[in-house]
Amino acid sequence: MGKSKSSRRGSAAAEAVVEPVDGGLAELIPDRERTHAWTLLIDGAPQSHVDLDDPRHLSFEYQRRLGHVIDLVAPPNKPVHAVHLGGGAFTLARYLAATRPRSTQQVVERDAALVQLIRQKLPLEPTARIRVRSVDAREGLGKVPDGWADLVIADVFSGARTPAHLTSTEFLDEVRRALRPGGLYAANLADGPPLAHLRGQIATAAARFPELALVADPTVLRGKRFGNAVLVASDTPLPIAELTRRAASDPHPGRVEHGKALRDFTGGAVPVTDAEAVASPAPPASVFR
């Protein structure tokens with residue numbers, strides 16, 4: 001029998017939890033403004049923010065943008081099949097379970113020690129249909145049946161960098177295989193000036209998906225600072241107008257690029273294959289200060 005909310009969550013007092021995990025040193029820092037909310041850091045880099053009392057609350061800018069994609073993948077409240085590559089504190093899986101009850105989700109998070117820590121300290125709702133696999137993201141994606149997923153979200157970072165083997169056309173071939181026709185792929189990308197990685201990732205996605213959009217802070221798109229950008233891709237037209245409206249109304253407004261403007265943004269970058277793939281650039285130390 002599952003524990004009650006009060007007994008499971010009442011211990012989320014004010015002390016940080018610090019434990020080594022496979023990927024480094026994990027810290028769970030309590031949110032002073034929200035009673036049962038926590039921020040997960042790995043080696044000092046913020047990974048996730050989760051509110052156990054309100055899983056619909058998305059604090060991080062990039063997670064809000066991925067939340068918009070979740071909201072738009074199907075009509076409101078309709079259950080979906082979703083694959084999350086990268087687990088963190090399961091923030092987006094919790095959000096999807098709260099906003100689309102009866103959805104079936106697979107989370108692929110290779111850091112087994114981190115999964116154990118999160119399950120222990122920030123347990124998932126017993127009724128949530130969320131399966132967690134502790135394997136490499138690409139390996140886990142390979143186990144998803146053909147055409148099973150309505151949504152694939154890639155949010156994988158190792159040492160604050162996206163691993164090279166998750167940046168290639170071959171990786172996106174696996175994403176397309178797992179997606180149903182009309183399904184959505186969304187990736188959290190991180191880059192800074194001169195944005196070579198971001199441009200290359202857009203070119204790579206364009207080689208496999210006919211419809212693309214990019215959501216980011218305008219200063220990131222102008223190459224003024226390091227930051228996150230959310231790439232959305234599909235084999236059918238994307239809900240650009242609604243995505244634009246939602247991104248513009250965020251606390252930190254985002255801009256949506258698509259069509260010719262997005263193609264022009266790539267600046268002649270070419271698709272990345274497994275043979276040439278490299279990890280995304282490391283963020284400057286000042287990003288986390």
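All residue numbers in this chain count up from 1 along the given sequence. Heavy atoms only: backbone and side chains are in, while hydrogens, waters and symmetry mates are out. Just so we're clear, the structure is a prediction, and the values are computed from it rather than from any experiment.
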- Query: Within the side chain of D191, is there an N or O that forms a donor-acceptor pair under 3.5 Å with the backbone of L198?
  - Reply: yes
- Gap separating the CG atom of L25 from the CD atom of E19, nearest 0.5 angstrom: 9.5 Å
- Message: Could you report the tightest heavy-atom contact between I42 and A26, atom names first, then the distance?
- Response: CD1-CB, 3.7 Å
- Message: To the nearest 0.5 Å, what is the distance between CH2 on W148 and CZ on R180?
- Response: 12.0 Å
- Item | R176 charged N/C atom sitting above F209 aromatic ring, 6.0 Å / 45° | yes
- Task: Give the minimum heavy-atom separation between T273 and S168, together with the two atoms involved.
- Result: C-CB, 3.6 Å
- Is there side-chain contact between R100 and V73, with heavy atoms separated by less than 4.5 Å? yes
- Task: Tell me, with the steps shown, if R119 and V132 meet side chain to side chain contact (heavy atoms under 4.5 Å, CB included).
- Result: CA-CA 10 Å; R119 283 191 181 280; V132 183; 3.3 Å; yes
- Query: In Å, rounded to the nearest 0.5 Å, how long is the span from CD of Q116 to CG of L114?
  - Reply: 10.5 Å
- Query: Hey, does H49 have a side-chain heavy atom less than 4.5 Å from the side chain of H57?
  - Reply: yes
- Task: Answer yes or no: is there an ion pair linking R138 with D274, defined by an N-O contact shorter than 4.0 Å?
- Result: yes
- So if you build clusters from Ile, Leu, Val, Met, Phe, Trp, Tyr with side-chain heavy-atom gaps below 4.5 Å, do L231 and L179 land together? yes
- Would you check, one step at a time, whether the test side chain to side chain contact (heavy atoms under 4.5 Å, CB included) holds for R208 with D173? CA-CA 7 Å; R208 292 298 183 265; D173 287 337; 2.5 Å; yes
- Applying salt bridge (charged side-chain N to carboxylate O under 4.0 Å, His left out), run through E174 and R177 and close with a yes or a no. CA-CA 5 Å; E174 274 296 293; R177 180 197 59 76; 3.1 Å; yes
- Distance from H81 atom NE2 to L151 atom CG, nearest 0.5 Å? 12.0 Å
- Message: With heavy-atom distances below 4.5 Å as the criterion, would you say the side chains of V144 and V152 are in contact?
- Response: no
- Below 4.5 Å, heavy atoms only, C-beta onward: do V215 and R255 meet side chain to side chain? no
- Item | Beyond-backbone contact of L238 with L184, side-chain heavy atoms, under 4.5 angstrom | yes
- If every non-hydrogen atom of L172 is compared with every non-hydrogen atom of A205, which pair is closest and at what distance? CD1-CA, 3.5 Å
- Message: Grouping I, L, V, M, F, W and Y whenever their side-chain heavy atoms are under 4.5 Å apart, do Y62 and I153 come out in a common cluster?
- Response: yes
- Message: Going by ring pair (Phe, Tyr, Trp, His ring centres under 6.0 Å), name the pairs with one or both residues in residues 92-138, residues two or more places apart or in two chains.
- Response: none
- Task: May I ask whether L52 and I29 are part of the same hydrophobic cluster, defined by side-chain heavy atoms of I, L, V, M, F, W, Y residues being less than 4.5 angstrom apart, directly or through others?
- Result: no
- Message: Does any part of the side chain of R199, heavy atoms only, come nearer than 4.5 Å to the side chain of P194, both counted from C-beta?
- Response: no
- Message: Name the residue from T91, I70, L66 that meets the side-chain contact (heavy atoms from CB on, under 4.5 Å) definition with L96.
- Response: I70
- Message: Check this for me, if you would: do E242 and R245 make a salt bridge, where the nitrogen-to-carboxylate-oxygen distance has to be below 4.0 angstrom?
- Response: yes
- Query: Just by distance, do the side chain of R129 and the backbone of R102 share a donor-acceptor pair under 3.5 Å?
  - Reply: yes
- Should V230 and L85 be regarded as members of a common hydrophobic cluster, given that ILVMFWY residues are connected when their side-chain heavy atoms come within less than 4.5 Å of each other, either directly or indirectly? no
- Item | Residue among R246, R65, K78 satisfying salt bridge (Lys or Arg N to Asp or Glu O under 4.0 Å) with D71 | R246
- Note on the structure: Closest non-hydrogen contact found for G183 with S234 is O-OG, 3.0 Å
- Message: Hydrophobic cluster membership, with links at side-chain heavy-atom distances under 4.5 Å among I/L/V/M/F/W/Y: are L212 and L243 in one?
- Response: no
- Is the number of heavy atoms from other residues, nucleotides or ligands within 6.0 Å of CZ (R131) greater than 12? no
- Query: Does R56 reach the main-chain N or O of A98 with its side chain, forming a donor-acceptor pair under 3.5 Å?
  - Reply: yes
- Query: Between D31 (side chain) and W38 (backbone), is there a donor-acceptor pair under 3.5 Å?
  - Reply: no
- Message: Let me confirm one number: the CZ-CG distance from R94 to L122, rounded to the nearest 0.5 Å.
- Response: 5.5 Å
- Query: So, for V256 and A247, which heavy atoms are closest and what is the spacing to 0.1 Å?
  - Reply: CG2-CB, 4.1 Å
- Query: Does the side chain of T167 come within less than 4.5 Å of S280's, by heavy atoms?
  - Reply: no
- Could you pull out the closest heavy-atom pair between A89 and S48, with the gap in Å? N-OG, 3.2 Å
- d(Q63 CD, L58 CG) to nearest 0.5 Å is 6.0 Å
- Message: Taking D22's backbone N and O only, do any of them form a donor-acceptor pair with D111's side chain (distance below 3.5 Å, no angle check)?
- Response: yes
- Any chance you could lay out the side chain to side chain contact (heavy atoms under 4.5 Å, CB included) test for T162 and L189, step after step, and finish with the verdict? CA-CA 8 Å; T162 302; L189 308 174; 5.6 Å; no
- Message: Could you go through V107 and I130, starting from their C-alpha distance and side-chain angles, then the distance that decides it, and tell me whether this counts as side chain to side chain contact (heavy atoms under 4.5 Å, CB included)?
- Response: CA-CA 7 Å; V107 176; I130 301 172; 3.7 Å; yes
- Item | Over 12 foreign heavy atoms within 6.0 Å of CZ, R110 | no
- Task: For the residue pair D250 and H68, establish whether any side-chain heavy-atom pair is separated by less than 4.5 Å.
- Result: yes
- Query: Which of these, D53, D54, D51, sits in a side chain to side chain donor-acceptor pair (under 3.5 Å) with H36?
  - Reply: D53
